[in-house]
Structures are given as C-alpha cells and as structure tokens.
Amino acid sequence: MKNTFYIPLILITLVVNVFQVNAQKIAGIDPALYEGVEFDMPKVRLPSFPDKTVNIMDFGAKGNGMFKNTEAFKQAIEQLSQEGGGKIIVPRGIWLTGPITLKSHINLHLEEGALILFSRDFDDYALIKTSFEGLNTVRCESPINAEGAENIAITGSGVIDGNGDAWRPVKKGKMTDSQWKALNKSGGVLSEDGKIWFPSESSKKGYMSSTNFNVPDLISQDELNSVKDFLRPVMVSLVKCKQVLLDGPTFQNSPAWNIHPLMCEDLVIRNLSVRNPWYSQNGDGLDLESCKNTLIYNNTFDVGDDAICFKSGKDKDGRERGIPTENAIVKNNTVYHAHGGFVVGSEMSGGVRNVHVSKCTFIGTDVGLRFKSTRGRGGVVENIFISDIDMINIPTEAIRFNMFYGGNSPVLEEDQDASDEARDETIVPVTEETPAFRNIFMKNITATGSGKAGFFMGLPEKSLENVHLENAMLEAKEGITVIDTDGLTLINVKVIAEETSALTIYNSQNVEVKGFAFNENDKKPVRVLGRLSRDIHFDLTDFKSYQDQLTLGKELPKDAVKVQ
C-alpha cells in the first residue's frame with residue numbers, strides 16, 4: 001500500500017511545480033500592508049498568468065509614432081485570450097493606437113522606453129453607454145477599457161498617454177498669456193466671451209448644450225453624435241472586473257479622469273506615476289467607484305483635479321445602483337498638485353465605508369484631506385481611518401468637510417463664486433437624499449504652510465457625526481472652524497494660526513477638546529458661537545485663564561460650554 005500512493009504523490013508534486021514554473025511571476029503583497037488596519041477585510045487576490053508571451057511586433061505593430069497599431073493590439077489580445085492568456089510585450093518605441101480592449105487573463109506589459117500613445121482621431125472612439133461622474137450617460141469609448149474581465153493587469157515601466165490635449169476644453173484663467181496664445185494658434189474655437197478654448201465646434205456645441213460642464217442634457221440622445229468631441233472619455237475604464245493589477249507604468253494626459261475602476265473587486269494599484277497638466281479640466285488621477293477590496297500604495301500623483309478619490313454614484317443613479325466603495329487600504333502615496341490629496345465624494349450616493357489611509361504625503365495640494373457632498377446625494381460615508389499624514393504648502397484647508405459642495409475648485413477660478421457653496425441654515429427634512437458622514441478618525445496629522453488648518457461643516461438637518469482628530473500639528477493662516485457637527489473630539493491638537501482664532505465652533509454639539517495647544521496673536525484662541533451649540537467641553541489645564549482666552553456668543557444656551 002505504501003508504494004501504491006508514492007507515485008501519485010510524486011505526480012501531483014510535479015504538476016504543481018510545472019504550474020508554478022509556467023506561471024508568470026507577479027510580485028506578491030507584503031503582509032505588512034495589512035498591519036494596523038482597523039477593520040476586517042479579505043486579503044486581496046492578485047492575478048496570475050500562464051507563462052506565455054507574445055510581442056505586438058509579431059502582429060505587424062510599428063513603433064514609429066505614426067503607424068496606427070489598433071489592429072495589432074486587437075489581434076495580439078484576441079490570440080492570447082484564445083490560448084488561455086499570458087503577457088503581451090510592448091517594447092521600446094512610440095506605439096500610436098486607437099482604443100485597447102483588455103480581455104480576461106491578459107497582462108499588458110510595457111517595457112522600459114515603451115510609449116503607448118492614443119490617437120487624436122475622435123472617429124476611433126465609438127459612443128457607448130457608460131457611467132461618468134456617477135451618472136448613467138453616453139460617452140466616447142475609453143482608450144483602455146475592459147468590462148466583466150477577470151485576471152487582468154497593466155504592468156511594466158513604460159508610459160501610457162491619452163493625448164488628452166486633443167479633447168479637453170481649457171479655461172483662459174488657468175494658463176499664462178504665452179500658453180494661451182500658443183493654444184489659440186494651434187486651432188480650435190473660443191467661447192462667446194473668449195474665456196474658454198474648445199478643440200472643435202462639436203466640443204463647443206456640447207458645452208453650450210449642457211446645464212453642467214459634462215453632460216449635454218439640453219439636446220436629445222439622437223443629437224449626441226453632433227457633440228461627440230465634447231464627450232471626453234476617462235482614459236482607463238475598468239467596469240465589473242475582478243483580480244486587477246496596475247503596477248509600474250506612468251499614466252498621463254487623460255481626456256477626462258485618468259484611471260476609473262467601476263464596480264470592480266480585488267484591485268491592486270501600486271508603483272504608478274499618474275500625471276496630468278495642472279490646468280486639465282476633470283483631470284483626476286484615480287477615481288475608485290463602487291469597488292470592493294482594494295489596495296492603493298506606493299504611487300505618485302501630480303494631476304489637474306482630485307488625486308485619490310473615492311466615489312459610489314451620484315444622486316438617484318447612485319442610490320439605485322446601491323454599491324458602496326468598501327474595504328480599501330491606501331498607503332505610502334505622494335501627491336503633488338491636485339484639488340485634493342485623499343478625497344471622498346462628491347458622488348457618494350451608494351456609500352463609502354471601511355477605508356484605511358496612512359503614510360501619505362501631500363506637497364502643494366489644494367486641499368489635503370477632502371470630504372464633499374451636497375443635499376440630494378444621499379449615501380453614507382463611515383468608518384474612515386486616516387493616520388500618519390504629512391502636508392506642506394496646502395493653499396486652502398489641510399482638512400475639509402463641505403456638505404454644500406457645488407462643483408467649485410478649492411482655489412476658486414475666475415468663473416466661480418464662493419456664494420455657490422455658501423451654507424444655507426434652512427433645515428430641510430431628512431430623507432434618502434440626505435448625505436451622512438460619520439465615524440471618521442484621524443490621528444498623527446502634520447500640516448505646515450496651509451491656508452486654513454481645518455474646516456468641518458455638516459448640514460443643519462444632518463450634522464457631521466463622530467469625527468475624531470488626535471495628535472495633530474496644524475500651522476496655517478487661519479485656524480479650525482467647526483459648523484453643524486455632533487460628536488467632535490480634538491485630543492492633543494496644536495493649532496498655530498497667524499490671523500484668526502485657533503478654534504471656532506458654531507451650532508455644534510457634544511464637542512470634547514483636550515490637550516489643545518495654540519499660539520498667541522491678537523485674537524482670542526477659542527470662540528464658541530450659535531444658539532444650537534451645547535455640551536462643549538474643554539480641559540481647564542489647556543488655558544492660562546479661560547475667561548481671557550475663550551469667547552462665548554451671547555446667543556449660547558446657558559451652560560452650553562464647560563471648562564473643567
């Protein structure tokens with residue numbers, strides 16, 4: 001009996017070894033990445049590919065930057081897919097192409113010096129039904145796209161360029177005079193007031209047919225072809241895909257958003273450089289929407305809009321989809337220019353939950369940690385854990401919660417008005433359209449050179465709930481402002497505010513402040529205002545003489561503030 005089982009065991013071992021040898025090696029995930037994560041989540045599964053490799057040159061591709069290689073990419077993917085999958089090599093060269101559709105078990109690998117350059121010919125991109133900015137709509141086909149694919153990857157050290165300058169309208173106020181003159185000489189048309197450049201009349205018509213910047217809702221579906229140039233695609237669209245790896249390349253110059261995973265599961269995004277011109281309209285870096293089980297680490301972002309942004313659909317479309325973004329780890333990322341470093345919203349109608357963000361650095365980013373929504377969104381954002389964040393030269397807020405977001409950039413552009421996002425004290429009924437942000441924990445936060453240390457603003461009818469900030473040093477022109485917040489805790493927070501009070505609290509409840517430190521200027525360090533403020537607790541040891549350092553509004557209820 002002993003010998004009977006000996007041979008089968010050997011055969012099993014040989015089969016396993018052959019499979020391991022014949023499988024392409026993908027670097028694993030360091031278990032340390034999961035250390036310190038505050039919630040339970042499944043380990044993310046990496047893709048694995050058969051040890052079969054083809055080169056796009058085998059399919060007639062030419063890397064001279066002039067020959068269009070759309071068919072070569074299509075044939076390579078089709079053949080490899082029929083053979084069970086593997087790696088497609090893109091060698092050094094400039095590989096001009098139309099859209100690339102990935103299939104299951106395909107690893108698109110860019111060798112050093114490889115540049116995939118997408119075509120400027122809009123006829124290469126068909127109109128398709130999709131989702132953009134959280135709404136069900138019609139857009140042009142994405143340069144790189146996959147739907148329902150499993151076990152896919154884009155790897156290597158090359159560059160993927162979406163030729164976004166061919167697509168994007170540009171606002172005059174975002175360019176220097178010489179840049180603006182050069183852009184106009186390149187062709188295109190101007191808006192009636194001369195402040196927006198469009199690449200074509202079709203693009204301009206789309207803009208004029210829209211009540212907002214991106215969806216032409218003033219014309220019928222039958223007329224969409226006439227505004228096709230306006231319907232800019234995201235560069236990388238991954239819809240309902242599983243076991244996805246993006247590892248190594250540079251993704252740049254996207255027509256709209258750069259990378260957009262939508263309703264994906266088991267997603268790893270690492271070691272990327274994600275770039276867009278700072279003036280690029282909707283030039284987001286990464287928009288993770290309604291995805292589950294995601295790792296985002298060791299990436300660099302320098303983009304025209306939000307850098308790392310979590311979403312889950314907009315308004316009714318998002319609520320009906322009902323798929324949250326959940327179970328995500330974001331670690332060791334660096335953000336340069338962006339509207340926000342780490343962002344949730346504003347399209348969060350399906351919810352965002354169970355998110356860990358740590359060890360990230362924001363350098364000159366418009367806002368550091370940015371949370372945004374508005375009435376009508378609905379959705380719940382909860383269980384967000386943020387730690388060990390370093391920020392420098394943040395022009396606006398290091399930390400910002402804005403529940404009246406209307407689409408403005410953090411640094412207002414010449415066609416934007418702060419009154420568009422002004423707080424409205426009118427209390428409206430709480431319904432499924434009311435957004436909720438709660439259980440958000442931040443610790444070990446450092447920010448120097450900011451415009452404002454922090455801004456925490458909920459809705460009058462639905463407060464920002466249970467926000468905790470601990471061990472923070474925030475140096476800024478202005479201090480922290482808290483409005484319509486319930487359950488705020490500030491522990492060991494130091495605010496160095498040049499021009500204002502270190503802390504202003506308005507119409508907020510159940511606030512605990514302990515270990516609070518501040519600098520001296522000509523303002524009282526702390527102000528508590530608003531007839532709805534109550535249960536505000538300070539630690540007496542934080543004040544030399546709290547009567548001299550604490551301003552209490554006359555409208556406050558009796559005993560609303562306690563210093564013990």
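Computed from a predicted model, the values in this text were never measured in an experiment.
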Glu150/Arg45 under salt bridge (Lys or Arg N to Asp or Glu O under 4.0 Å): CA gap, chis, key distance, verdict: CA-CA 11 Å; Glu150 297 187 14; Arg45 299 173 298 164; over 6 Å; no
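- For the atom pair CZ (Phe342) and CD1 (Ile308), the distance works out to 7.5 Å, reported to the nearest 0.5 Å.
- Between the Asp161 side chain and the Leu117 main chain, no donor and acceptor come within less than 3.5 Å of each other.
- Side chains of Ser202 and Ser200: no donor on one and acceptor on the other come within 3.5 Å.
- The backbone N or O of Asp123 lies less than 3.5 Å from a partner atom in the side chain of Asp121, making a donor-acceptor pair.
- With rounding to the nearest 0.5 angstrom, the CD1 atom of Ile399 is 5.5 Å from the CG atom of Leu369.
- In this structure a side-chain-to-backbone donor-acceptor pair under 3.5 Å is present from Tyr125 to Ser119.
- Relative to the ring axis of Tyr34, Lys43 places its NZ or CZ within 45° and under 6.0 Å from the centre.
- Side-chain atoms of Asp317 never come within 3.5 Å of backbone atoms of Lys314 as a donor-acceptor pair (strictly under, hydrogens ignored).
- Summarising the geometry, atom OG1 belonging to Thr325 is positioned 5.0 Å from atom CG belonging to Leu288; distances are rounded to the nearest 0.5 Å.
- Taking CD of Gln243 as the start and CG of Asn293 as the end, the distance is 11.0 Å to the nearest 0.5 Å.
- Proximity of Thr294 to Ile329: side-chain heavy atoms (C-beta onward) are nowhere separated by under 4.5 Å.
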Starting from the C-alpha separation in whole Å, work towards a yes-or-no answer on salt bridge (Lys or Arg N to Asp or Glu O under 4.0 Å) for Glu382 and Arg353. CA-CA 5 Å; Glu382 61 184 346; Arg353 63 193 182 208; 5.1 Å; no
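- Here the side chain of Asn151 pairs a donor or acceptor atom with the backbone of Ser48 at under 3.5 angstrom.
- In this structure, Lys174 forms no cation-pi arrangement with Tyr279, as its terminal cationic atom is not both closer than 6.0 Å to the ring centre and no more than 45° off the ring axis.
- Interatomic distance, CG of Asn333 versus CD1 of Ile296, reported as 7.5 Å (0.5 Å rounding).
- Checking Asp302 against His337 by side-chain atom types alone, no donor-acceptor pair falls below 3.5 Å.
- Within the 4.5 Å cutoff, the side chain of Phe251 has heavy atoms near those of the Ile259 side chain.
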Test side chain to side chain contact (heavy atoms under 4.5 Å, CB included) applied to Ile88 and Ile77, step by step: CA-CA 8 Å; Ile88 297 176; Ile77 291 170; 3.4 Å; yes
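- Of the possible donor and acceptor atoms, one in the side chain of Arg232 sits under 3.5 Å from a partner among the backbone N and O of Gln281.
- Residues Val159 and Pro249 are not in side-chain contact: their nearest non-hydrogen atoms beyond the backbone lie 4.5 Å or more apart.
- A distance of 10.0 Å separates NZ in Lys129 from CG in Asn136, rounded to the nearest 0.5 Å.
- Tested against Asp388 for a side chain to side chain donor-acceptor pair (under 3.5 Å), the candidates Thr446, Asn332, Asn444, Thr361 yield a single pass: Asn444.
- Surrounding CE of Met41 are more than 12 heavy atoms belonging to other residues, nucleotides or ligands, all under 6.0 Å away.
- Distance alone, capped at 3.5 Å, is enough to place a donor-acceptor pair between the Asn276 side chain and the Ser254 backbone.
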